[in-house]
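Note that ligands are numbered from 1 as they come in the structure, with each ligand's atoms numbered from 1 the same way. All values below were derived from every heavy atom in this structure, side-chain atoms included, with hydrogens, water molecules and symmetry-related copies excluded.
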Amino acid sequence: MKTTLEALDRATLRGRTVLVRADLNAPMDDGRITDDQRLEASIPTLRLLIDSGARVVLLSHLGRPKGEAVPEFTLEPVSRRLAELLGHPVAFVSEPVGDEAASRVSALQDGEVVLLQNTRYLPGETANAPELSASWAAMGDLFVNDAFGAAHRAHASTAGLAGAVRARGGQAVAGLLMARELRFLQDALETPERPFVAILGGAKISGKIDVISALLPRVDQLLIGGAMANTFLKALGHDTGDSLVEDDRVAMAGELMDAAGDKLVLPTDCVVSDRIAPDAVTRVASLADVTAGEMIADIGPESIARYTGFVSGARTIVWNGPMGVFEMPPFAAGTMAVAEAVAEACGRGALGVLGGGDSAAAAEQAGVVDRLTHVSTGGGASLELLAGSVLPGVDSLSDQEV
Ligand code: ADP
Ligand code: MG
């Protein structure tokens, strides 16, 4: 177990300079933040530190400026929005590291927050350059990593900084968001209440094969939907028409099915159309009569009934990936029905965890976000955790003293 911010004695935080790596990588359009979700998720840790009288040095990346100071990726608008959400000033320093940053940090008073410029303005960030981590580590002796969304990469401001702070005798701990993500995506799945049902969908099977392999031995059922299902259906010998299929994964899908037996559940019917468009004309097809020129773009009503039946009986549910092209009304029914079923199961006391960027958008569209146990803020990081990988951003933290 890793040490968490929650476990620290609050009294030790007053007057202490605390380095916080958050994931403030909010979607932007023309300098405006289009979605506050990531900023809001970072608030509890910042509140705790401010209320405890810590001096907060906040670090984050934004977009992919690739090691250069690209104005489009400045964190300045984020500092303003974050201040509004916090109801507390957030000073901004226009460089991620250097003399100005160092002097602004040393002038901090108790309870003050300063946000440094985008860490990815520096090539050393993604290269995990030790000199860069060391210059941040020199600013404080406590590092709080709350950037779950960036935890699957070893970068200078994440795993590197944790190591550098610890090398100087300081502590590196999980922030409140990081701890929450780990509690639901890692701990809860180690000893799941049964039945344990996983639902996997989305665009591609290739990015999620490790997740399928890691979940199969643990779950009671693994329900497959989305374009991912098409590759399995092809492996079963069905004609998938013009559907999105990963031909180079068909053999692998066959092997997974053989190993899984009846744990792996595939659609028995589907919604097809000759084009993927918001005004597409659709029909429900059995797996045997998908024809050339047609594309499978959602699971069908019989599959919906079966999948929601499994979900209703489950006590633990992990869901990643939409069941169809939910962004367009003709192909949204499968995803919306599954979202509602998971939310209802949570209402009856089941643990329901959702991961994935598009899946989170689908839950938003279905209006169920507040009824789910947990919606992960990290796409790639949540998939890697589900696949059983050790995340560098987590592994680098101090172990809990026992
Ligand atoms: P997440 O971000 O939740 O991990 P993915 O990125 O893997 O999910 O997949 C989401 C995308 O998959 C959505 O944009 C959706 O339109 C697409 N998708 C789902 N089912 C199909 C399908 N049958 N054919 C084509 N695209 C699909
Ligand atoms: Mg996605």
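- By the 4.0 Å N-to-carboxylate-O rule, Asp146 lies too far from Arg21 to be salt-bridged with it.
- Contact annotation: the side chain of Lys66 never approaches that of Thr126 to less than 4.5 Å [non-hydrogen atoms, C-beta and beyond].
- From the protein, the heavy atom lying nearest to atom 26 (N) of ligand 1 is Val325 CG2, 3.6 Å.
- Atoms of ligand 1 lying under 4.0 Å from at least one heavy atom of Asn320, given by number and element, are 4 (O).
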I would like to know whether Arg81 and Asp36 meet salt bridge (charged side-chain N to carboxylate O under 4.0 Å, His left out); could you show each step before the answer?
-> CA-CA 8 Å; Arg81 184 69 189 131; Asp36 286 336; 2.6 Å; yes
Residues Thr282, Val272; criterion side-chain contact (heavy atoms from CB on, under 4.5 Å); working and verdict | CA-CA 6 Å; Thr282 65; Val272 298; over 6 Å; no
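- Closest to the Mg ion (ligand 2) among the N, O or S atoms of Asp358 is OD2.
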Please lay out, stage by stage, how Arg168 and Asp141 fare under the test salt bridge (charged side-chain N to carboxylate O under 4.0 Å, His left out).
-> CA-CA 8 Å; Arg168 296 167 59 102; Asp141 67 346; over 6 Å; no
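- Of the protein's non-hydrogen atoms, Asp358 OD2, 3.0 Å is the one closest to atom 6 (O) of ligand 1.
- Every atom of ligand 1 is numbered from 1 in the order shown, and the set under 4.0 Å from a heavy atom of Gly356 is 1 (P), 2 (O), 3 (O), 4 (O).
- Closest heavy-atom approach to atom 24 (N) of ligand 1 within the set Ser359, Ala227, Ala229: this belongs to Ala227.
- In the vicinity of Gly226, heavy-atom distances shorter than 4.0 Å reach the ligand 1 atoms 20 (N), 23 (N).
- Between Ser376 and Leu354 there is no side-chain heavy-atom pair separated by less than 4.5 Å.
- When hydrogens are left out, the protein atom nearest atom 15 (C) of ligand 1 is Glu327 OE1, 3.6 Å; that is the closest non-hydrogen contact.
- With respect to Glu294 and Arg283, a salt bridge is recorded, a charged nitrogen being found less than 4.0 Å from a carboxylate O.
- Residue contact check: Ile296 has heavy atoms under 4.0 Å from atoms 22 (C), 23 (N), 24 (N) of ligand 1.
- For the pair Pro330 and Ala277, the tightest heavy-atom approach, listed with the atom from each and the gap, is CG-O, 3.8 Å.
- Between Leu383 and ligand 1, not a single N/O pair is under 3.5 Å apart.
- Counting only heavy atoms of the protein, atom 19 (C) of ligand 1 lies nearest to Gly324 O, 3.2 Å.
- Atom-to-atom distance recorded for Met323:CE and Met228:CE is 8.5 Å, nearest 0.5 angstrom.
- Given atom 12 (O) of ligand 1, the protein heavy atom at minimum distance is Ala203 N, 3.2 Å.
- Contact analysis puts Ala297 in contact with ligand 1, with a non-hydrogen atom separation below 4.0 angstrom.
- Here atom 7 (O) of ligand 1 lies nearest to Lys208 when heavy atoms of Lys208, Met328, Lys204 are compared.
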